[in-house]
Each structure stands twice: as structure tokens, then as C-alpha cells.
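Input: a single structure, listed below in C-alpha cells.
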Amino acid sequence: MEMALYAPEYGYYTGGSAKLGGAGDFITAPELSPLFGATLARQIAQVLEFTGGDVLELGAGSGRLARDILHSLEKGVLPERYKILDVSGELVERQRELLGQLPKTLQTRVEWISSLPSSITGVVIGNEVIDALPVHLVTWSDDAILERGVGLRQGQLAWVDAPVRNSHLLQRAQAVAVPRPYLSEINMQATALMDAIGQRLKRGVVLFADYGFGAAEYYHPQRRQGTLMCHYRHRAHDDPFFLPGLQDITAHVDFSALAHTGVDAGLTLAGYTTQARFLANLGITDMLTGMDTGMADYARIIAPVQKLLSPAEMGELFKTIALSKGINQPLLGFASGDLSRLL
């Protein structure tokens, strides 16, 4: 999975094919509506008022989220730097082109970095970043726990199950209570990333928005085949051997694992809720009703916002989690509808 997504030149995220928007394979919230970034900016502004410092965006996609956040913060609390960490050279070029259209006062605050800073103060954000990290596939049978890898069968890529060689992965798998037989994913890179951020964060908040569940729902008895999915030209399917390197391969996020890892790294769980509730708490509907626009434009603007909020679209499946350090005030985005009990 890591090779298919990130191999230099040939991986999905390192190649030059379109990924986001109508011409790509999927559409993220910032691509749907600039109100997503404008609403998120309200939460960022609250944190920056407490902490100062920077915004660090992981996996900035086309750059639209950064643009919308900076536009919204322009008349209020701006970060000292807006740092972007992205492994895709092709996407970085798109980000540079888009953010190069910002006013000079905002352009000078944007900085691309190649690794996590040794010290972080401010806000770390990641929208649909965790689901793009490579996962381990694990099978639980009546008498063994095996890792599912890839081999060749008659010249074709095929699944091959083998003993788990990584001791940390085996410990994680042994700790999961599932009815056997069972197949699912364990994301070691996601928890390693959360641990690294937790160790580096001096004061501020980590915000991740993605699709997924708490552990009890993630490893539910009815989810025996896991969550691994592929996306190609806006079609979802479950065959990662179809056009490797040209399609997205993804898995849902185990938010419980993120929360527990962050707490172990010295962070405090500051909130966990659905995307719809998070955006509503921050006033996205008030922003809509306050817009000065005609009926035709209003209908065009409200349609994508309804996708962000609808339980049948992104509103319920997508969640937002926040972990903090050195902040005692409650976060605006979690004023109601907190689901931390599900972690």
C-alpha cells in the first residue's frame, strides 16, 4: 500500500495524475465549499488567541483549505507562519500556484517544510490525512493472527497471509477483541504520527477531520471485511490490485487509537464529534444566512454545504477530533454533541 501510494514518481500521491475535484478521483470538504475553511478558521482563531504561534497543515491537497483559512483569518488573528507539510511534489506545486494568488501580506506567512518541526506552538490540522496513510491488513482466525501481504500467483498480484513479523503490530492485533474469523486494518503510521506531534507540541491543539469510528464500531462484528477501499474516477471499489499507482487506496480512521496515543504522548482529549456538529457549533449556518447574495447564488452555495452537514453524505461518517496541550478553555467546535464517550 505504501508503494502504491508513495513510491517516487509512480505512487498515487507522488505521480502527476489529477486527484481532487471533478477531474480527479474524489472530492474533499475544502473542494466542496470555501465555507468549510472559513468555519474551521473560527476554531483556529480561538486557539491562536490563547497560544499565538503557527498553523501547521498536514497534507494540504490543492491548497484550497489553506487559502480559505488565511482569507478568513486576515482581519483577525493571523498565525506567525502557515506551515505546510506535504509529501506530494505535484500537490505542492499546485499549492504554490494557488497560494501565490494571495495578497502579499498573506503569502509571506506561508512556508513549506519537509518534516515535523522539533517544537510546535499553535494549531496542527489535517483534513483527510489519516485515511491516506498506509495500513497493515490483519486476519484473525480461530488459531492464529496473520498479516495479509502481497505476492504473485500465476503472474498476477494476489493476497498472501504470513505470520506477523512486527512485534508492535502483533501487540496491537492481540489487544483487539474481534469475533473470529475477521479481517481489518491497523494503522501504525497514524499512531506514530500522533505520538510525534504529541511529543513536539508545546502549547496548542491538534485537529484531525476524517471518516471513521471509535474502536468499538471500527471492529464491530458486522464489519468482518474491514474498511479498505479504493477510489478511481469517483467510483469506489475494494480491489487494490486494480491500476496500482493510479487509484487511491484508503481505510477508515480508528479514532480511539489516535485519542489513546495522543493522551499517552501528553495531550488532553479536547473533543470528538461529527463533522456536522463541529461545523454547526462554529456557526456555519449563521454564515450562510448572513451572506448577501441572490436566490440563485444562494442555492448554488447551499448545495455543497448540505453535503458537508447531511447525515446521508459527510455529516455523520466524518468526525473531528481535537487534542490539546496547555489550554484549559473549552473549544468552540465541541460546545455540544461531544462523542468522546465512544472512544
Side-chain angles (χ1 to χ4, degrees), residues 13-14 16 18-21 28-129 132 193 196-197 199-209 279 282-284 287 291 320 322-327 331-333:
Y13 285 107
T14 52
K19 300 161 183 66
L20 304 170
T28 63
E31 308 294 320
L32 278 172
S33 172
L35 286 179
F36 179 81
T39 308
L40 180 58
R42 290 185 170 184
Q43 182 61 83
I44 292 171
Q46 182 200 14
V47 177
L48 290 179
E49 287 177 354
F50 300 147
T51 66
D54 304 323
V55 172
L56 168 58
E57 183 179 359
L58 308 177
S62 67
R64 289 192 182 188
L65 182 58
R67 178 199 64 186
D68 297 338
I69 288 172
L70 285 166
H71 271 314
S72 299
L73 295 176
E74 186 175 9
K75 297 180 181 179
V77 183
L78 277 168
E80 295 176 14
R81 308 289 290 172
Y82 193 106
K83 298 180 178 180
I84 294 176
L85 175 56
D86 204 309
V87 299
S88 171
E90 182 261 335
L91 288 175
V92 166
E93 289 306 310
R94 291 180 61 184
Q95 295 157 16
R96 290 184 184 276
E97 181 179 354
L98 182 66
L99 298 178
Q101 300 169 21
L102 290 170
K104 290 294 184 181
T105 54
L106 296 179
Q107 284 188 44
T108 56
R109 294 179 185 267
V110 182
E111 175 186 354
W112 282 265
I113 59 177
S114 57
S115 61
L116 283 176
S118 59
S119 177
I120 303 171
T121 298
V123 187
V124 181
I125 59 174
N127 180 65
E128 292 197 53
V129 169
L193 175 63
I197 294 171
Q199 300 294 340
R200 290 163 170 78
L201 186 67
K202 303 307 178 186
R203 189 167 187 238
V205 169
V206 185
L207 280 169
F208 284 124
L279 296 175
L282 291 167
I284 192 170
M287 295 172 70
M291 296 180 71
T320 304
L323 294 106
S324 66
K325 180 180 286 186
I327 295 178
L331 300 181
L332 296 173

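Side chains are part of it too, since the values below use all heavy atoms of this structure and drop only hydrogens, waters and symmetry mates.
Between Pro79 and Arg109 the shortest heavy-atom distance is O-NH1, 2.7 Å. Scanning both residues, Ala209 and Thr320, for their nearest heavy atoms gives CB-OG1, 4.1 Å. The minimum heavy-atom distance between Gly100 and Gln107, with the atom names listed, is O-NE2, 2.7 Å. Closest approach of Glu128 to Ala29, counting heavy atoms only: OE2-N, 4.2 Å. Of all heavy-atom pairs between Val129 and Gly126, the closest is CG2-CA, 3.8 Å. Taking every heavy atom of both residues into account, Ala322 and Leu207 meet most closely at CB-CD2, 3.5 Å.
Between the OG atom in Ser33 and the CG atom in Leu279 there is a gap of 9.5 Å [rounded to 0.5 Å]. Ile44 CD1 to Thr51 OG1: the interatomic distance, rounded to the nearest 0.5 Å, is 11.0 Å. With rounding to the nearest 0.5 angstrom, the CG atom of Leu35 is 12.5 Å from the CG atom of Leu282.
Judged by distance alone, the side chain of Arg203 and the main-chain N or O of Gly53 form no donor-acceptor pair under 3.5 Å. Of the possible polar contacts, one joining the Gln95 side chain to the Gly61 backbone as a donor-acceptor pair under 3.5 Å is found. Side-chain atoms of Arg67 never come within 3.5 Å of backbone atoms of Gly63 as a donor-acceptor pair (strictly under, hydrogens ignored).
Counting heavy atoms of neighbouring residues, nucleotides and ligands inside a 6.0 Å radius, atom CD of Gln199 exceeds 12 of them.
For Ser115, there are no side chain to side chain contact (heavy atoms under 4.5 Å, CB included) partners, not counting sequence neighbours.
Leu323 has its side chain out of reach of Ile197: every pair of non-hydrogen atoms, C-beta onward, lies at least 4.5 Å apart. The side-chain heavy atoms of Leu40 and Asn127, taken from C-beta on, include no pair separated by under 4.5 Å. Side-chain contact check for Leu78 versus Leu48: every heavy-atom pair is 4.5 Å or farther apart. In this structure the side chain of Arg96 never reaches within 4.5 angstrom of the side chain of Val110, judged on heavy atoms. In this structure, Ile69 and Ile125 have side chains that are in contact, with non-hydrogen atoms separated by less than 4.5 Å. For the pair Leu99 and Ile84, the minimum side-chain heavy-atom distance is below 4.5 Å. Between Glu74 and Thr105 the shortest side-chain heavy-atom distance falls below 4.5 Å. For the pair Leu73/Leu106, no side-chain contact is recorded, criterion being any heavy-atom separation below 4.5 Å from C-beta on.
Remark: the Glu49 side chain and the Gln46 side chain contain no N/O donor-acceptor pair separated by less than 3.5 Å.
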Review point. What's the verdict on side chain to side chain contact (heavy atoms under 4.5 Å, CB included) for Arg42 and Leu332, showing C-alpha distance, side-chain angles and the deciding distance?
Key: CA-CA 8 Å; Arg42 290 185 170 184; Leu332 296 173; 5.5 Å; no
Point to revise | side chain to side chain contact (heavy atoms under 4.5 Å, CB included) between Arg64 and Phe36, worked out | key: CA-CA 10 Å; Arg64 289 192 182 188; Phe36 179 81; over 6 Å; no
Check your understanding: Thr14 and Val87: side chain to side chain contact (heavy atoms under 4.5 Å, CB included), yes or no, with the steps?
Key -> CA-CA 7 Å; Thr14 52; Val87 299; 5.5 Å; no
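Sequence neighbours left out, the pairs with a member in residues 78-87 that pass salt bridge (charged side-chain N to carboxylate O under 4.0 Å, His left out) are Asp54-Lys83, Arg81-Glu111.
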